[in-house]
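Encoded as structure tokens, the structure appears first; notes follow it.
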Amino acid sequence: MGKTKTLAGALLTVATLAVTGCSGGGAASAETAKAPKDPGKTTGTITVLTQRTDLVQSGAMDAYAAEFNKTYPKVKVKFEGLTDYEGEVKIRMNTEDYGDVLMIPAAVSKNDYPKFFAPLGTSKEMSEKYRFSDKTDVDGKVYGLAQFGTANGFVYNKAVWKKAGITEWPKTPEEFIAGLKGVKAKTDAVPYYTNFKDGWPLVQWTANIGSVTCENYATNDLADAVSPWKEGSELNVIDTLLHDTVKGGLSEKDPSTTNWEASKTRIAKGEIGTMMLGSWSITQMKDAAEKAGTNPDDLGFMPFPVQKGNKKYCATLVSDYQQAVNAHSEHKDAARAWVDWFTEKSGYSAKEGAVPTLKSAPMPDTLKDFIDNDVTFVERSERNTGEVNDIDNAAEIGLNKPDYRQKLIDIARGAEKGSLEDYFTELNKKWDEAAKTAGS
């Protein structure tokens with residue numbers, strides 16, 4: 001799994017799903033993986049499981065380990081890059097042999113974290129220092145730290161939008177649609193590209209829950225029979241914008257032919273105007289521009305087109321994969337040393353142009369436009385992730401799967417019968433009925 005899908009893997013961690021038949025090889029120890037007090041006395045060989053096969057193959061991970069060893073000279077770090085990370089780790093977690101450090105798979109139910117991972121500290125102490133800590137908070141203890149976070153919005157080609165006569169960010173969904181119409185009328189670019197075929201980019205729309213209301217607890221608020229697609233709700237606004245974009249003929253003609261890898265070069269060349277993605281993608285788009293011989297500065301990032309009463313935009317911050325320590329590890333102190341060092345000292349998030357987990361670290365240059373324009377960053381709480389996912393799974397909707405938005409797009413383009421209103425009614429009914437039985 002290379003860089004592209006790895007960062008898309010951030011989407012997988014927006015929610016955790018249920019593991020079936022995952023026993024973890026027996027009861028795990030509740031022993032905390034404490035941060036070592038004396039680096040020189042910390043010893044052991046640890047194995048780090050990672051989805052970043054590209055960094056393992058290029059030697060970049062070994063370079064990180066070499067830097068780590070300047071502080072922890074007696075700890076040997078080995079890496080296992082797994083192409084099908086989710087599938088392979090899920091199988092290995094039926095034993096005790098799933099590395100010393102690993103990214104928490106989406107397949108592990110949040111309430112099961114204590115069975116598989118060593119606690120890193122209390123919720124209070126961890127939340128004071130790190131972003132996204134409540135994502136792995138179970139009963140007052142934190143079981144994983146995010147590698148980094150991502151802000152959400154639209155990657156766009158500034159030159160294309162300028163050619164269409166638009167130099168300011170749209171303030172409303174209506175202005176956004178008008179902007180796309182301008183791109184269609186005045187340029188040769190595809191105004192909006194869905195990435196329908198690859199599917200996972202459609203999940204990125206879910207990551208914007210919280211951007212519409214500027215509410216940190218927007219996801220937590222879904223943990224009940226609340227008709228999430230009712231008029232004016234986060235998901236109603238988000239999914240209506242996608243539907244109206246497609247229905248207005250402002251996306252690619254045949255969504256079944258989209259190609260994620262090719263889309264990076266196409267937006268860099270100005271053949272595509274806009275795509276919904278996380279801020280993690282900005283560096284990839286700029287790299288594509290350099291390789292294509294176009295101007296990387298043409299690639300920009302705009303917030304979701306809604307402003308609150310203070311006339312400011314909001315952008316949610318959500319976490320990438322969370323690093324955890326195997327509860328069965330024989331070298332928990334060494335494993336914890338790696339997690340802390342990688343989170344705080346490695347510079348990994350800065351290299352990725354991502355939001356740092358460490359609260360005291362500066363925001364990346366990739367978000368300069370957001371910072372300069374006073375976009376409010378909403379660190380979205382994931383405290384009720386378990387309950388929300390139980391409802392989502394019981395409803396068989398899949399907020400963090402592409403299927404339901406693929407159906408939305410098919411309805412919008414006339415490939416499937418139905419209307420947006422009827423579809424929202426169906427989704428609300430499924431959700432509310434599931435909420436009455438989920439977890440019981």
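Computed from a predicted structure; not experimentally measured.
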**Request:** Apply salt bridge (charged side-chain N to carboxylate O under 4.0 Å, His left out) to the pair D403 and K401, showing each step before the final yes or no.
**Result:** CA-CA 6 Å; D403 307 66; K401 298 177 183 178; over 6 Å; no

**Message:** Please check this pair: side chain of D392 against backbone of V388, looking for a donor-acceptor N/O pair closer than 3.5 Å.
**Reply:**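 No; judged by distance alone, with no hydrogens or angles, the pair does not exist.
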
**Message:** Using modelled atom types and a 3.5 Å cut-off, is there a donor and acceptor pairing between side-chain atoms of S319 and backbone atoms of A146?
**Reply:** no

**Pair Y321 and Y85, ring centroids less than 6.0 Å apart** =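 Ring-ring flag for Y321/Y85: true, centres closer than 6.0 Å.
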
Run the salt-bridge test on [X] and [Y] with the 4.0 Å N-O cut-off and return the result as yes or no.
X	Y	result
K115	D112	yes
K124	E128	yes
R413	D410	yes
E88	K90	no
K308	E215	no
R266	E252	no
E261	K264	yes

**Item:** Polar contact flag, side-chain donor to acceptor under 3.5 angstrom, S123-D137
**Value:** yes

**Polar contact flag, side-chain donor to acceptor under 3.5 angstrom, W229-D239** = yes

**Identified ring-ring contact (aromatic ring centres under 6.0 Å, His included) partner of F79 from the options F342, W338, Y64** =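 With F79 as partner, ring-ring contact (aromatic ring centres under 6.0 Å, His included) holds for just one option, W338.
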
